[in-house]
Asker: 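Before I ask anything, here is the structure I am working with.
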Protein chains: 4
Amino acid sequence: MLLEIHPSSPVPIYRQIVEQVRRAVASGQLRPGDDLESVRAVALAHAINPMTVSKAYALLEGEGLLERRRGAGMVVAQSRGSEPVRERLRMLEPHLESAARVARELGIDPERALEEFRRRLGAPSKGNPK
Amino acid sequence: MLLEIHPSSPVPIYRQIVEQVRRAVASGQLRPGDDLESVRAVALAHAINPMTVSKAYALLEGEGLLERRRGAGMVVAQSRGSEPVRERLRMLEPHLESAARVARELGIDPERALEEFRRRLGAPSKGNPK
Amino acid sequence: MLLEIHPSSPVPIYRQIVEQVRRAVASGQLRPGDDLESVRAVALAHAINPMTVSKAYALLEGEGLLERRRGAGMVVAQSRGSEPVRERLRMLEPHLESAARVARELGIDPERALEEFRRRLGAPSKGNPK
Amino acid sequence: MLLEIHPSSPVPIYRQIVEQVRRAVASGQLRPGDDLESVRAVALAHAINPMTVSKAYALLEGEGLLERRRGAGMVVAQSRGSEPVRERLRMLEPHLESAARVARELGIDPERALEEFRRRLGAPSKGNPK
DNA sequence: GTGGTCTAGACCACT
DNA sequence: GTGGTCTAGACCACG
């Protein structure tokens, strides 16, 4: 799995990791039994502190999404596979609502907002999203 | 102007205020010369600390969006009216990108995401957006 | 609330805190709305690192037992008051089972074990329990 | 001797083995000269790593409880038979103290706790003790 | 004043 | 090799 870390984002690094892993599992990109990159590997790859990664993994273990294999890293819990579309939409919802609220507050024409959104849905991320 | 405050949101209250005021000015909902609700009125209405409101207003004053009228509260600066559509789209952009990235990570069908987004663009906010 | 910290115990300090707070809430010793000692106060009182305390509080917040009052410390969540006896017994159960298993493995006469247990139920803790 | 291994327990597997063997010797269930199941047999039976079993045996050898019989596995040392009741009670003590402390913290009626404890002293272990 | 985040580095425990 | 724990200290954000 490929993590995207934005160190300058207001959302803390450990939380970026937590959320990306959650979504990777929900979407089926990570499956039960798959093992995650080691704490040290992630830390090295993104030039962040191992404890930051460890904190993210610990939270995910706490919510039952990951399991610790003693001496052998973390794996996706058997009990927590991908989520149905309905549930994934529920996870997306607050982000849509948030964006829609901003669009409304800015008085932006809905069709224009939709058009912009469509463009971004197709293309891979560039730059430093909020 | 009607503020929406979500005390449990991860985004700090003073920032919620700052951003909503910025957008209200950008969209023309608030116009040069309009005066804002007093610090105390806002604080009372939303059961938050007056210092928090004050901090938000101070920041907006610092960026030249508001001006302090002695004894008469804050008003929108004469120099800072509504923004052209192009600029408002620029303000919306990171929110769209963020939502789009989440949709992609969740493996949600773009058409489905657009449809949901359209629905929310039309309706007023409900519940507790991110 | 008075925490008992045993730094030399095999159970990590942050976990000792987590468990004692959980039980204090379950027993009604801490009630909804009560605020906890500040991170720094606890750290000072027990000569441990503030981050260790913070970690414990973060976990308790994560499980919904505590709430963060921004700028004003942590309080017991309104939604999480004391537990009925039945639930508290459930929390005690694994400890009883564990002790009973050891007694059985040691071939200790049940009446003798009960007698010893009775003695300890009455007296306050001394020394360094497991 | 029948080992009970709980891989998900917070207490490490090698330590579960060490302690159960210690108690089996102390109680006389294992006697001087008795031989233990081979590392491989234990590892296979409980689906754990042979190195883990080996580590436990090595520790027990280190403390003089077991002896290595070349080509014939480990046996209980001639010098280390069962312990007197007094000593076995000493081994049980921290477990009782620990359980009692939890009961006190939970505000559980001592008589109720004793009653529960009595029940468990009679019955064989079920489920997944701490 | 409150808690949160991150770093750097040490040491431990498990397999 | 793996992750866990703790420390010391810096800096930030919030009220």
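All heavy atoms count here, side chains included; hydrogens, waters and symmetry mates do not.
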Asker: Quick test of your reading of the model: are B:Arg22 and A:Glu105 salt-bridged, counting only N-O distances below 4.0 Å?
Answerer: no
Asker: Could you say whether D:Arg15 or C:Lys55 is positioned toward the 5' end of DNA chain E, judged by the nucleotide with the nearest heavy atom to each?
Answerer: C:Lys55
Asker: Quick check on DNA chain E: between C:Ala41 and A:Thr52, whose nearest nucleotide comes earlier from the 5' end?
Answerer: C:Ala41
Asker: Please give, in whole Å, the distance from F:dG1 C1' to A:Glu37 CD?
Answerer: 16 Å
Asker: Do the side chain of A:Arg23 and the main chain of A:Met91 share a donor and acceptor less than 3.5 angstrom apart?
Answerer: no
Asker: Output the rounded distance in Å from CG (C:Asp35) to C1' (E:dG1).
Answerer: 13 Å
Asker: Take atom CD1 of C:Ile5 and atom C1' of F:dC6, then tell me their distance rounded to the nearest Å.
Answerer: 13 Å
Asker: Find the distance D:Asn49:CG to F:dT2:C1' and express it as a whole number of Å.
Answerer: 13 Å
Asker: Can a side chain N or O of C:Ser54 be found less than 4.0 Å away from OP1 or OP2 on E:dT5?
Answerer: no
Asker: Identify which nucleotide among F:dG15, E:dG3, E:dA8 has an atom closest to any side-chain atom of B:Ile13, counting heavy atoms from C-beta outward.
Answerer: F:dG15
Asker: Does OP1 or OP2 of F:dA13 have a side-chain N or O of C:Arg70 closer than 4.0 Å?
Answerer: no
Asker: Rounded to the nearest Å, what distance is computed from the CD atom of residue A:Glu61 to the P atom of nucleotide F:dG4?
Answerer: 6 Å
Asker: Report the distance from atom CZ of C:Arg69 to atom P of E:dG4, rounded to the nearest whole Å.
Answerer: 14 Å
Asker: According to salt bridge (Lys or Arg N to Asp or Glu O under 4.0 Å), who are the partners of A:Arg31, at least two apart in sequence or on a separate chain?
Answerer: none
Asker: Measure from the side chain of A:Met74, starting at C-beta and using heavy atoms only, and say which of F:dG3, E:dG3, E:dT5 lies closest.
Answerer: F:dG3
Asker: In whole angstrom, what separates A:Leu59's CG from F:dT5's P?
Answerer: 12 Å
Asker: Would you tell me if any nitrogen or oxygen in the side chain of C:Tyr14 comes within less than 4.0 Å of OP1 or OP2 on F:dT5?
Answerer: yes
Asker: Would you indicate whether the side-chain heavy atoms of B:Leu36 and B:Val76 approach each other to under 4.5 Å?
Answerer: yes
Asker: Between C1' on F:dT5 and CD1 on C:Ile48, what's the gap in Å once rounded to a whole number?
Answerer: 12 Å
Asker: The side chain of A:Met51 is closest to which nucleotide in this list: F:dC6, E:dT15, F:dT2?
Answerer: F:dC6
Asker: Using 4.0 Å as the upper bound for N to carboxylate O, is an ion pair formed by A:Glu19 and A:Arg15?
Answerer: yes
Asker: With a cut-off of less than 4.0 Å, is there a side-chain N or O of A:Arg68 near OP1 or OP2 of F:dT2?
Answerer: no
